[in-house]
Each structure stands twice: as C-alpha cells, then as structure tokens.
Amino acid sequence: MTAILIIVVGIICLVCGYVFYGSWLAKQWGVDPTRKTPAYEMEDGVDYVPAKPAVLMGHHYSSIAGAGPINGPVQAAVFGWVPVFLWCVIGGIFFGGVQDFGSLFASVRHKGKSVGEIIHDTMGKRAARLFSIFALLVLILVIASFVNVVAGTFASDNWGITTGTVTGNETTAMVSVLFIVLAIVYGLLTNRAGLSTNVATVCVSVCIIAFLFFGLNVGLALSRTTWIVLIGVYITIASLVPVWILLQPRDYLSSFLLYAMMAVAVIGIFFSAFAGTATFELPAFTGWSTSIGTLFPALFITVACGACSGFHSLIATGTTSKQLSSEADAKPIGYGSILRKSFRRGRPSRLQASFPVEVSKAITR
C-alpha cells in the first residue's frame, strides 16, 4: 500500500499547488486573458502561430518530458525514496512550476522573445552574450547525447526493410518514422484542410494503432552511423520548418502516448497493491552521503528536470510562447505541465520522451 499512498499524497499536493499557489502567481503577475498575445500580434505562419490550448499543452508537455532525466530519480534513489519524493513534489510546486510559468509569461510579455533576448532587454548585452555562449555549448552537448541514444535504439546489423523476424530496434525505428509521417498528415489536415482537431485526432489515433501493429512486424534496418546522419538531418529540418507542420502536431500526438502510459502504470500499481503482488523494497532514507556524493547537491543535480530545469525555459520561450492564444492558458500549460512531470518523476514508475528538435529550435532561432 506504500506505493498507493505515495501516489495519492503526491496527487493531492500537486493539485493543491496548482489550484492555490499557481493561481496566486497568476494574480500577482497580472495574467490578463483579454490581452492580445504575440501569437496574434506577430502571426507569421512559421513560429508565431496561435494554437488551441489542448494542442499547445501536448506540444509543451511532450517537449519538456525529455530523455535527459531518465536515470535521475534512479540514481538519486540511493538516498531513499523520501528525499526523491519530497524534492519532486516541493521542487515542482515552488521551483519548477514557478520557473516554467514565469519564463513562459515573461516571453509572452516580451513579444514572444527567447530567454536570451529577454536577458538582453533586462540585463544588458554582455549578460545576453554570456548566456548565449553557455546555452549554445550546452545545447550542442544535449543534442549530441540525444542523437547518440536514439541512434543506438534504432541501430541494426541488417540493412533495408525487413519482415518476419525483426529485432526490437528495427520495429522501434519503423514505428517512429511512421509516427512522424502521421504527425505531418495531422498538421496538414488541421491547419490547411480545415478538419477539426477532435476529428483529426480520432482519425490519426486509429492510424497510429494500425501503424503500430504494422511496425511491429515490419522493421527498418539501418546502421548506427546512418541513423546519426538521418537524425541530424531530421532535427535540422524540423527546427526550421513552420511549427504547425511537424513540431506542434508531433508533440501533441505523442502526448497521448505519455498520458496513456501514465494511466496504465498507475492502474497497474493500484491493481498490484490490492492483489498483494506489489512490493516496495526501496528504503525511505539511506543517509546523507552515498556513492554518488552527499545529498546536497547530488539529489538536486540528478533529479533536475522533474523538479526544476533551466532547459524548460528554452522550450517555454523558444516555441510555446509564440503559439499561446490566450494569457489564461499560460498557467495550465506552463505551471500545469511541470506538475504533471513531477508526478511522473515522483511516483514509483516513470515514462520518458525526448526533445532534440526543441533544443535545435533554440539554437537556430
């Protein structure tokens, strides 16, 4: 029952944080739903594109739900589950949520400018230059890391289209490529063909299921080096084309996979707990010093993205702020997304996505 208790307490704390603290922040900052956002003021059909709240929510959440912190909570678990749980919940409410919501709202009030440009306006040219150099170098490392991980996941010893007995790497590659194709189709249907979001979502969701079964039987086999080149080309193109073609629909559709897997994981924990088959072997607290260092700062470095991450500001100011159709949506998208992510990190099971295109977007913009 310990796992259930953690989930319930975590949900209650995060919901209360969103309702009370998030609303207080919105009031203090002067969020004005009647004020015109940069998505409308500077609409260009490329970066500044007003998006429906649900679509933008999916884009932002999928973008910040990166692969970087996949091992953070696992590493930090050497301190026990209590420190990790507390940092995910408290950090998400009072640090990560404030940072994500604040950076998004600041960008909206600065004509959708990126965090580097906001620094230039508020702190001067030298501070902006130093930040830009730091961000560029770090983002290059992040992209290189993600490309390496994804290429390793897709890599195969074979070559070409394979059927019959296919490896997990080959099926993963095929399903991922088909998913990108569907995202482009969805973007064209909703933004050019005039199909409603709900109808298009249902149609494409059915296609995703069909393509999933197809991909599990037909693989795409390419070498690791080939995948590195192809992924590099993909993220370059995706970071330059209008957001409604690929970036926005891809993230929106992938968010459903994240929501579904989170729901399945929680349901599984509840059923296992009531059936008496769930075990919770992780100790509550193991000590202030472990193999990865002392609790401070090791805990707050390893569990970063689920509680407070500066990378989120690159997403919030780089793409999300340019698509926000109303300031009223800044709270659920900026503050709400990080709390859902904190829930993912703080509960016993965790799910991951990746955001190489978004960090490329931050570089190219």
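In this text, all values refer to a predicted model and were calculated from it rather than measured experimentally. Scope of the values below: all heavy atoms of this structure, side chains included, with no hydrogens, waters or symmetry mates.
For the pair R192 and W244, the distance from NZ or CZ to the six-membered ring centre is under 6.0 Å and the angle to the ring normal is within 45 degrees. Figure legend: cation-pi geometry between R250 and F179 absent, as NZ or CZ is not positioned both under 6.0 Å from the six-membered ring centre and within 45° of its axis. Geometric assessment of K331 against the ring of Y18 yields a positive cation-pi assignment under the 6.0 Å and 45° thresholds.
Linking Ile, Leu, Val, Met, Phe, Trp and Tyr whenever their side-chain heavy atoms come within less than 4.5 Å puts L189 and V199 in one cluster. In the hydrophobic clustering of this structure, L212 does not group with M261; members are Ile, Leu, Val, Met, Phe, Trp, Tyr whose side-chain heavy atoms approach within less than 4.5 Å, directly or through other members. Note on V46 and Y40: separate hydrophobic clusters, where clusters join Ile, Leu, Val, Met, Phe, Trp and Tyr whose side-chain heavy atoms are under 4.5 Å apart, directly or indirectly. Taking hydrophobic clusters as Ile, Leu, Val, Met, Phe, Trp and Tyr residues chained together by side-chain heavy-atom distances below 4.5 Å, L14 shares a cluster with I90. Cluster membership check: L339 shares its hydrophobic cluster with V19, using side-chain heavy-atom separations under 4.5 Å among Ile, Leu, Val, Met, Phe, Trp and Tyr.
To the nearest 0.5 Å, atom CG of residue N217 and atom OG1 of residue T163 are 9.0 Å apart. Atom CG of residue L230 and atom CZ of residue F154 lie 10.5 Å apart, to the nearest 0.5 angstrom. The CD1 atom of I245 lies 8.0 Å from the CD1 atom of I184; values are rounded to the nearest 0.5 Å. Summarising the geometry, atom CD belonging to Q323 is positioned 12.0 Å from atom CG belonging to D329; distances are rounded to the nearest 0.5 Å. Here L56 contributes atom CG and T319 contributes atom OG1; the two are 8.0 Å apart, rounded to the nearest 0.5 Å. Rounding to the nearest 0.5 angstrom, the gap separating the CZ atom in R35 from the CZ atom in R109 is 4.0 Å.
Using a 4.5 Å heavy-atom cutoff, the side chains of F270 and V266 are in contact. Counting only heavy atoms from C-beta outward, the side chains of M174 and E170 never approach each other to under 4.5 Å. C88 is listed as a side-chain neighbour of V303, based on a closest heavy-atom distance under 4.5 Å. Contact annotation: the side chain of Y335 approaches that of Y21 to within less than 4.5 Å [non-hydrogen atoms, C-beta and beyond].
Taking every heavy atom of both residues into account, S176 and T172 meet most closely at OG-O, 2.8 Å. Among all heavy-atom pairs drawn from A151 and I231, the shortest one is N-CD1, 3.8 Å. The two residues A316 and L104 make their nearest non-hydrogen contact at O-CD1, 3.5 Å. Minimum interatomic distance between K322 and S114 (heavy atoms only, all atoms of both residues): NZ-N, 4.4 Å. Residue Y61 comes nearest to M262 through the heavy atom pair OH-SD, 3.3 Å, listed as atom of the first residue, atom of the second, then distance. Nearest heavy atoms, P38 versus V108: CG-O, 3.2 Å.
With 3.5 Å as the limit, one finds no donor-acceptor pair spanning the side chains of Y252 and T197. Judged by distance alone, the side chains of S107 and S321 do bring a donor and an acceptor atom under 3.5 Å apart. Between the side chains of S196 and N198, no donor N or O sits under 3.5 Å from an acceptor N or O. In this model, no donor atom of one side chain and acceptor atom of the other lie less than 3.5 Å apart for S337 and H60. Judged purely by distance below 3.5 Å, without hydrogens or angles, the side chains of S62 and S254 pair a donor atom with an acceptor atom. S325 and K52 share no side-chain donor-acceptor pair at under 3.5 Å. H312 and K341 form a side-chain donor-acceptor contact under 3.5 Å, judged by distance and modelled atom types alone. With hydrogens and angles left out, the side-chain atoms of D251 and S63 include a donor and acceptor closer than 3.5 Å.
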Evaluate the side chain to side chain contact (heavy atoms under 4.5 Å, CB included) criterion for residues T153 and N169: first the C-alpha distance (whole Å), next the side-chain angles of each, then the deciding distance (0.1 Å), finally the verdict.
-> CA-CA 6 Å; T153 303; N169 290 32; 5.7 Å; no
ring-ring contact (aromatic ring centres under 6.0 Å, His included) assessment of W227 paired with Y234 = CA-CA 10 Å; W227 276 119; Y234 161 72; over 10 Å; no
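The 12-atom threshold is exceeded at CZ of F94, counting heavy atoms of other residues, nucleotides or ligands nearer than 6.0 Å. Heavy atoms of other residues, nucleotides or ligands lying less than 6.0 angstrom from CZ of F285 number more than 12.
The main-chain N or O of F20 is never found under 3.5 Å from a side-chain atom of S23 such that the two would form a donor-acceptor pair. No donor-acceptor pair under 3.5 Å is formed between the side chain of Q248 and the backbone N or O of V243. Although no hydrogens or angles enter the test, the distance criterion places a donor-acceptor pair under 3.5 Å between the side chain of S239 and the main chain of I235.
In this pair, F211 and F214 present their aromatic rings tilted. The plane angle is within the 30 to 60° band. The aromatic rings of F105 and W29 lie parallel to each other, their planes meeting at an angle below 30°, with 60° marking the opposite boundary. The aromatic rings of Y259 and F256 stand perpendicular to each other, their planes meeting at an angle above 60°, with 30° marking the opposite boundary.
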